[in-house]
Amino acid sequence: MAKKIREKVNDIKIRKKGLLSRMKSMPLTSRFSIVIVICMGIFVFILSGILFKNMKDDVIKEGYNYMKYEQNATEGVIDQSISSIYMSVRIFETDDTFIQLLLSVAKGEKIATEELLDIYQGDVKTLTRISANNPLIYCVRAYGVNDNITEMMSVLYKNQRMKKLPWGKDADPTGWHLDYKDSVFSGLTEQEDVSLISYVGHLDAVGYGYVGYIESAMKMEDIFPAFYSAEKDTDWAFYMDEDKKIVHGTNWPGNADEIVSLISENKKISLEKSIILMKVDNRMLMVFSLPNASMKGTYIGVHDITKAVNNVKITRNIFIVIIMGVIALLWVMIDRLLVRRMLRDFYEILGTIRYVRNKGDLSIRVEEREEEGSEMGELAHQFNRMLDRIEELMKENINREVLIKNAGIKALQNQINAHFIYNVLESIKMLAEIDEEYVISDSITSLGKMLRYSMKWTSGNVTLNEEMEYINNYVALMNLRNDFKVILSTSIPEELLLQQIPKMSLQPVVENSILHGIAPRGEDATIYIKVREEDKFGKRSVKIEISDNGVGMTDEELMKLMQKILGETETNDKGHGIGLKNVEDRIQLSFGKEYGMSIMSEKGKYTKVSFELPYIMGGNSSEKNINSRR
């Protein structure tokens with residue numbers, strides 16, 4: 001599954017790249033037109049999306065209001081029907097004469113004919129009249145506990161009559177019974193096909209217990225009219241008892257079983273009075289529920305709003321097709337009439353650029369139209385000025401080439417002069433050695449090496465070993481010049497001698513140590529150079545420390561010096577610290593702002609200058625240094 005998803009994502013990326021590639025190859029007019037049309041399309045589609053969403057919401061809201069009305073109306077009909085049934089049952093339960101008659105039957109007592117006629121003429125006719133006057137009641141019947149009873153039509157019947165009804169053979173037939181036929185007089189009634197709902201209860205005699213049963217029934221279509229309405233395609237209903245048994249009428253869709261199954265699984269429907277929106281098999285259904293504690297079940301009404309919602313979708317699709325057609329027409333109009341006219345000057349400039357590129361003719365110029373506020377006019381003007389400038393630069397380039405050639409000749413002359421100086425110094429050295437003036441000979445040797453090192457051209461850094469050789473020669477010459485002696489003490493691991501450092505970066509520090517630290521004392525002194533590897537910011541780095549036991553500096557002097565080095569105060573060519581600032585700038589240009597120097601000093605005791613450099617071994621080009629730092 002994951003592999004398929006990745007393949008699909010890669011396919012989308014490839015298509016996206018292909019689309020972007022095709023767009024890049026399109027003319028600018030087409031791209032402008034596409035962008036304009038896309039922006040218009042996005043706006044229209046967002047607007048239509050909001051519009052049709054509101055239309056869909058209105059359909060759902062209308063369906064909800066309709067179901068709210070149906071729910072309240074149905075609840076009123078059910079409550080009225082149940083009240084009528086309970087009222088008719090109550091009339092029989094409170095008729096003492098009728099109850100006494102049933103009690104005598106239950107006890108097996110003989111009842112005189114005159115007494116039966118009195119009861120029939122009085123109580124039975126009264127009960128019959130009361131039942132008949134209630135239009136909702138289909139019938140109210142009392143059944144004895146046995147067959148030892150004289151039946152009185154429409155009111156009092158033997159127990160065997162009750163057993164002809166579907167629920168009559170139950171061990172306890174009391175309670176509500178739905179959707180059954182009247183089979184008390186099989187074949188003798190015209191309403192055997194009428195579906196009934198009834199409540200069956202006990203008729204109790206005080207001190208004895210129940211002496212009969214009372215059945216109050218009404219037609220299903222009177223209490224549940226939606227079961228039999230004609231609009232079964234959009235509106236239908238059913239009743240679900242506590243055992244989830246379904247009762248329905250003739251208004252029952254053919255595909256309702258699966259829908260009813262899903263509805264019955266919703267706990268909210270069976271527990272509380274509610275109206276919910278359900279989506280079943282791409283059908284949008286508005287469902288209301290009416291739980292009834294008396295009947296121990298739930299009445300459920302269903303209103304199908306699928307057609308109304310689909311009509312909104314069809315309208316939306318038609319709208320989208322029309323809008324796409326309008327957008328296509330606008331694309332043609334914008335591309336042909338608007339964008340091309342707007343970019344006419346641009347294409348004229350582009351044609352001039354291509355002519356210059358292909359022909360190399362810099363004398364051609366774009367016609368400058370004096371149109372106020374025209375960016376294309378400004379572009380044409382700037383392009384012409386650029387061509388003018390290119391012609392000027394080409395002339396300057398020719399002159400520069402002449403100067404470079406002259407400079408090359410002078411450089412060769414200077415090189416010849418440098419070699420002349422080296423040869424002269426070598427001759428002086430040989431004369432000094434002949435006269436056994438070895439101090440002079442060694443001094444000339446050191447001076448020659450220094451000249452060669454300082455005049456040697458390099459585009460990058462040098463190794464620490466090369467720089468230290470220069471420092472040794474420099475100290476040797478300074479010892480020859482001064483009355484005191486400077487001792488150079490080094491502690492450099494052999495593997496760090498190839499560390500890359502900016503050329504002539506140690507000499508200014510050593511020079512400062514001699515001139516400003518040791519010379520004022522006029523005594524022999526030592527300069528210590530210590531190099532070690534460290535870990536800085538999780539990277540390998542190299543620290544170089546140069547310290548002397550000279551006169552040192554006060555805190556105020558040290559602060560002023562650091563301000564000069566960091567560029568916080570101005571320096572001049574004669575000022576103390578310009579050499580150190582130059583070294584600091586070169587280190588940061590070569591290796592980054594996180595590297596550089598720091599100074600520690602104490603008056604009358606010492607001065608220590610420290611360098612923090614990245615660990616870079618071998619080579620001397622700036623390109624290698626950059627790659628190493630990465």
Side-chain angles (χ1 to χ4, degrees), residues 450 452-475 488 490-513 516 527-548 553 558-571 573 575-601 607-630:
M450 287 181 64
R452 288 179 186 275
Y453 181 76
S454 60
M455 297 180 70
K456 180 182 178 182
W457 179 85
T458 177
S459 60
N461 299 319
V462 297
T463 63
L464 180 61
N465 187 46
E466 292 174 314
E467 189 74 3
M468 285 305 302
E469 183 179 356
Y470 180 84
I471 294 299
N472 284 322
N473 292 324
Y474 176 77
V475 171
L488 187 63
T490 61
S491 176
I492 305 174
E494 184 175 353
E495 64 271 13
L496 295 181
L497 288 174
L498 294 179
Q499 168 65 28
Q500 295 292 297
I501 63 173
K503 183 178 179 180
M504 302 291 287
S505 57
L506 301 186
Q507 186 271 338
V509 181
V510 174
E511 181 179 0
N512 276 2
S513 294
H516 303 290
I527 294 177
Y528 302 92
I529 299 179
K530 182 179 181 181
V531 182
R532 66 177 181 273
E533 184 180 343
E534 290 187 345
D535 189 347
K536 183 178 178 67
F537 309 119
K539 301 178 182 178
R540 297 175 71 181
S541 63
V542 172
K543 191 165 189 177
I544 302 174
E545 296 178 347
I546 303 174
S547 56
D548 63 72
M553 291 180 284
L558 179 60
M559 182 180 296
K560 290 181 178 179
L561 178 60
M562 287 304 300
Q563 288 176 341
K564 291 180 180 180
I565 294 173
L566 297 175
E568 297 177 2
T569 58
E570 294 184 1
T571 58
D573 294 341
H576 176 41
I578 188 171
L580 297 180
K581 181 181 185 327
N582 183 35
V583 173
E584 171 78 359
D585 293 342
R586 290 166 60 206
I587 290 175
Q588 293 190 348
L589 285 172
S590 296
F591 306 117
K593 295 291 184 181
E594 65 269 28
Y595 298 102
M597 72 167 60
S598 60
I599 303 175
M600 298 173 60
S601 183
T607 299
K608 180 190 289 186
V609 179
S610 300
F611 295 96
E612 192 79 35
L613 304 174
Y615 181 87
I616 303 173
M617 292 291 159
N620 64 348
S621 70
S622 58
E623 181 179 354
K624 288 183 179 179
N625 293 336
I626 293 171
N627 292 333
S628 299
R629 290 197 297 276
R630 290 178 181 173

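- Rounding to the nearest 0.5 angstrom, the gap separating the NZ atom in Lys543 from the CG atom in Leu496 is 14.5 Å.
- Partners of Glu511 by salt bridge (Lys or Arg N to Asp or Glu O under 4.0 Å), not counting sequence neighbours: none found.
- Residues passing the side-chain contact (heavy atoms from CB on, under 4.5 Å) test with Ser598 are Ser610, sequence neighbours excluded.
- Taking the salt bridge (Lys or Arg N to Asp or Glu O under 4.0 Å) definition, one finds that Arg532 meets it with Glu534, Glu545, sequence neighbours left out.
- Glu494 CD: 12 or fewer foreign heavy atoms inside a 6.0 Å radius.
- With sequence neighbours excluded, no residue forms a side-chain hydrogen bond (donor to acceptor under 3.5 Å, both in side chains) with Gln563.
- Asp585 meets the side-chain contact (heavy atoms from CB on, under 4.5 Å) test with Lys581; sequence neighbours excluded.
- Within the 3.5 Å criterion, the main-chain N or O of Leu566 finds no donor-acceptor partner in the side chain of Glu584.
- Separating the CD atom in Glu612 from the CD1 atom in Ile544 is a distance of 9.5 Å, to the nearest 0.5 Å.
- Summarising the geometry, atom CG belonging to Leu580 is positioned 6.0 Å from atom CG belonging to Leu561; distances are rounded to the nearest 0.5 Å.
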Might you work through the side-chain contact (heavy atoms from CB on, under 4.5 Å) test for His516 and Thr607, ending with a clear yes or no?
-> CA-CA 10 Å; His516 303 290; Thr607 299; over 6 Å; no

Item to complete: Determine, stepwise, if the pair Ile501 / Asn461 fulfils side-chain contact (heavy atoms from CB on, under 4.5 Å).
Response: CA-CA 5 Å; Ile501 63 173; Asn461 299 319; 5.8 Å; no

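- A distance of 13.0 Å separates CG of Leu464 from CD1 of Ile616, quoted to the nearest 0.5 Å.
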**Message:** Evaluate Val531 against Gln499 for side-chain contact (heavy atoms from CB on, under 4.5 Å), listing each step before the verdict.
**Reply:** CA-CA 10 Å; Val531 182; Gln499 168 65 28; over 6 Å; no

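- Gln507 and Tyr474 get closest at one heavy-atom pair: NE2-CE1, 3.6 Å.
- Taking 4.5 Å as the limit, every side-chain heavy atom of Val510 sits out of range of all side-chain heavy atoms of Leu488.
- Contact check for Pro614 versus Lys539: no side-chain heavy atoms found under the 4.5 Å cut-off.
- Taking 4.5 Å as the limit, some side-chain heavy atom of Ile529 sits within range of a side-chain heavy atom of Ile546.
- Side chain of Glu466 to backbone of Thr463: a donor-acceptor contact under 3.5 angstrom is found.
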Would you sort out whether Ile471 and Ile527 count as a side-chain contact (heavy atoms from CB on, under 4.5 Å), showing the intermediate values?
CA-CA 11 Å; Ile471 294 299; Ile527 294 177; over 6 Å; no

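- Contact annotation: the side chain of Leu506 approaches that of Met468 to within less than 4.5 Å [non-hydrogen atoms, C-beta and beyond].
- Ser513 places no side-chain N or O within 3.5 Å of a backbone atom of Asp548 that could act as its donor or acceptor partner.
- The closest side-chain heavy-atom distance from Val509 to Phe611 is below 4.5 Å.
- Heavy atoms only, all atoms of each residue included: Glu467 and Ser505 are closest at OE2-N, 3.0 Å.
- Separating the OH atom in Tyr470 from the CE atom in Met504 is a distance of 3.5 Å, to the nearest 0.5 Å.
- Legend: residues meeting salt bridge (Lys or Arg N to Asp or Glu O under 4.0 Å) with Lys530, ordered by chain and number and at least two apart, are absent.
- Looking at heavy atoms from C-beta onward, Pro502 lies in side-chain contact with Ile587 at the 4.5 angstrom threshold.
- Within the 4.5 Å cutoff, no side-chain heavy atoms of Gln500 are placed close to those of Met617.
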